[in-house]
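First up is the structure itself, then whatever we jot down about it.
All residue numbers in this chain count up from 1 along the given sequence. Keep in mind that this is a model prediction, so the values were computed, not measured. Counting starts at 1 for both ligands and their atoms, following the listed order.
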Amino acid sequence: MTEILILYYSHSGHVKEMAEYIARGVETVENCISKIRTVPRVSTVCEATESDIPSEGYLYATHDDLRQCSALILGSPTRFGNMAAPLKFFLDGSSDIWLSGTLIGKPAAAFTSTGSLHGGQESTLLSMMLPLFHHGMIVMGLPYEDDLLMNTTEGGTPYGASHLAGSNNERPISDTERQLCINLGKRVAETALSLNT
Ligand SMILES: Cc1cc2nc3c(=O)[nH]c(=O)nc-3n(C[C@H](O)[C@H](O)[C@H](O)COP(=O)(O)O)c2cc1C
């Protein structure tokens with residue numbers, strides 16, 4: 001089976017929900033399975049404050065998850081136009097994966113959620129792509145192949161899937177945003193399958 005790792009951080013749950021729709025897209029592709037993993041929170045007093053196993057939700061990602069995957073899809077809420085620190089912290093610890101070249105040639109993509117419409121969806125998606133390039137991955141976005149991307153008035157970008165959460169995180173994931181998450185998962189899975197990564 002071709003395994004697609006969906007690795008995300010989420011504080012209020014929107015990016016987590018997007019990860020699940022992306023997984024749904026992955027699973028529409030025959031012989032592909034999704035694996036969803038998250039990362040722990042960080043703080044200025046983060047050393048050994050959390051258990052290795054979260055009390056609820058998805059397991060924390062390990063470097064073995066990165067080694068085993070055929071493709072990687074990263075998700076994070078926007079934090080000042082950038083990816084959130086917990087995901088960056090995990091990626092900053094991935095030098096052994098970089099040194100061994102494990103991810104070279106594998107497809108990758110990104111997804112995000114913002115509070116405001118012009119609050120940095122594209123810049124956050126691009127910020128997640130930078131380490132993916134350094135890992136030698138084949139970074140992918142979403143094509144303008146149907147009307148969804150061209151006509152969206154909420155989330156959805158050619159740089160990856162996105163969601164407009166609203167200033168109080170009050171907006172649910174819309175039909176358009178959901179479909180673009182599914183499309184992204186499907187597209188990455190099909191690419192991994194065709195590349196036989
Ligand atoms: C410290 C902090 C910084 C944020 N920076 C931005 C920002 O630059 N632009 C924006 O639109 N939203 C920003 N937000 C809002 C979050 O991106 C938004 O709530 C996100 O959709 C939550 O995703 P989640 O439900 O997966 O945690 C920020 C939130 C916090 C707590």
Side-chain angles (χ1 to χ4, degrees), residues 4-27 34-47 49-51 53-61 65-66 71-92 108-132 140-142 148-149 151-185 188:
I4 313 300
L5 177 61
I6 302 167
L7 173 59
Y8 77 93
Y9 171 73
S10 178
H11 180 69
S12 333
H14 290 103
V15 173
K16 174 174 181 270
E17 197 179 338
M18 293 175 82
E20 289 163 349
Y21 290 130
I22 288 169
R24 196 187 289 181
V26 167
E27 308 260 343
S34 61
K35 183 196 265 184
I36 301 181
R37 290 290 181 269
T38 188
V39 291
R41 292 170 298 170
V42 295
S43 74
T44 50
V45 286
C46 64
E47 292 298 322
T49 55
E50 286 213 32
S51 148
I53 300 183
S55 54
E56 58 178 344
Y58 296 102
L59 292 173
Y60 295 138
D65 291 324
L66 293 175
L72 173 62
I73 309 177
L74 291 180
S76 170
T78 291
R79 291 284 184 269
F80 303 114
N82 209 320
M83 84 172 98
L87 186 62
K88 178 77 163 49
F89 185 79
F90 177 81
L91 294 170
D92 282 359
F111 59 105
T112 190
S113 174
T114 60
S116 57
L117 185 54
H118 302 291
Q121 293 188 355
E122 284 94 340
S123 61
T124 304
L125 294 168
L126 291 170
S127 77
M128 285 184 271
M129 289 177 185
L130 298 180
L132 299 175
M140 305 174 61
L142 281 165
L148 291 180
L149 212 53
N151 295 323
T152 180
T153 53
E154 41 210 13
T157 86
Y159 304 89
S162 62
H163 164 62
L164 172 62
S167 53
N168 293 312
N169 281 319
E170 74 281 5
R171 292 171 65 104
I173 291 170
S174 70
D175 290 347
T176 296
E177 293 167 339
R178 182 188 310 111
Q179 189 57 53
L180 289 170
C181 285
I182 292 170
N183 292 358
L184 186 67
V188 171

What is the closest protein heavy atom to atom 10 (C) of ligand 1, and at what distance does it sit?
Gly115 N, 3.4 Å

Whether Arg24 and Glu20 form a salt bridge (side-chain N of Lys/Arg under 4.0 Å from carboxylate O of Asp/Glu) is what I want to check.
no

Which donor-acceptor pairs under 3.5 Å do side chains of residues 156-163 form with protein atoms, sequence neighbours excluded?
from: Thr157; atom 1: OG1; to: Tyr159; atom 2: N; distance (Å): 2.9
from: Thr157; atom 1: OG1; to: Gly160; atom 2: N; distance (Å): 3.2
from: Thr157; atom 1: OG1; to: Gly160; atom 2: O; distance (Å): 3.0
from: Ser162; atom 1: OG; to: Gln121; atom 2: OE1; distance (Å): 2.6
from: Ser162; atom 1: OG; to: Gly156; atom 2: N; distance (Å): 2.7
from: His163; atom 1: ND1; to: Glu177; atom 2: OE1; distance (Å): 2.7
from: His163; atom 1: NE2; to: Arg171; atom 2: O; distance (Å): 3.2

Close-contact set for ligand 1 against His11 heavy atoms, below 4.0 Å
24 (P), 26 (O), 27 (O)

Sub-3.5 Å donor-acceptor pair from the side chain of Ser167 to the main-chain atoms of Gly115, do we have one?
no

Flag for Thr124-Thr78: side-chain donor and acceptor within less than 3.5 Å:
yes

Contact check: Ser12 vs ligand 1, nitrogen or oxygen atoms, below 3.5 angstrom
yes

Nearest 0.5 Å please: distance from the CG atom of Asn82 over to the OG atom of Ser76.
8.0 Å

Residue, atom and distance of the protein heavy atom nearest atom 26 (O) of ligand 1 read Ser10 OG, 2.6 Å

Winner among Val15, Ile173, Thr112, Asn169 once heavy atoms are compared against atom 18 (C) of ligand 1:
Asn169

Protein contact to atom 2 (C) of ligand 1 [nearest heavy atom, distance to 0.1 Å]
Arg79 CD, 3.4 Å

For atom 9 (N) of ligand 1, state which one of Ser116, Gly119, Gly81 supplies the nearest heavy atom.
Gly119

Students should be able to answer this: which protein heavy-atom is nearest to atom 5 (N) of ligand 1, and at what distance?
Phe80 N, 2.9 Å

Which residue and atom name correspond to the protein heavy atom nearest atom 20 (C) of ligand 1, and how close is it?
Ser113 O, 3.5 Å

Among non-hydrogen protein atoms, atom 7 (C) of ligand 1 lies closest to Thr78 CG2, 3.3 Å

What's the shortest distance from atom 25 (O) of ligand 1 to any protein heavy atom, and which residue and atom give it?
His14 N, 2.8 Å

Please check whether Gly120 reaches ligand 1 - meaning an N/O of the residue sits under 3.5 Å from an N/O of the ligand, judged on distance alone.
no

Okay, side chain of Glu17, backbone of Val15: is any donor-acceptor separation there less than 3.5 Å?
no

Lys NZ or Arg CZ of Arg37 over Tyr58 ring: under 6.0 Å, within 45°
no

Donor-acceptor pair between Gln179 and Asp175 side chains, under 3.5 angstrom:
no

Return the closest protein heavy atom for atom 23 (O) of ligand 1 as residue, atom name and distance.
Pro77 CB, 3.4 Å

Please list, in number order, the atoms of ligand 1 under 4.0 Å from a heavy atom of Ala165.
21 (O)

Only counting residues at least two apart or in another chain, list the ones meeting side-chain hydrogen bond (donor to acceptor under 3.5 Å, both in side chains) with Thr38.
none

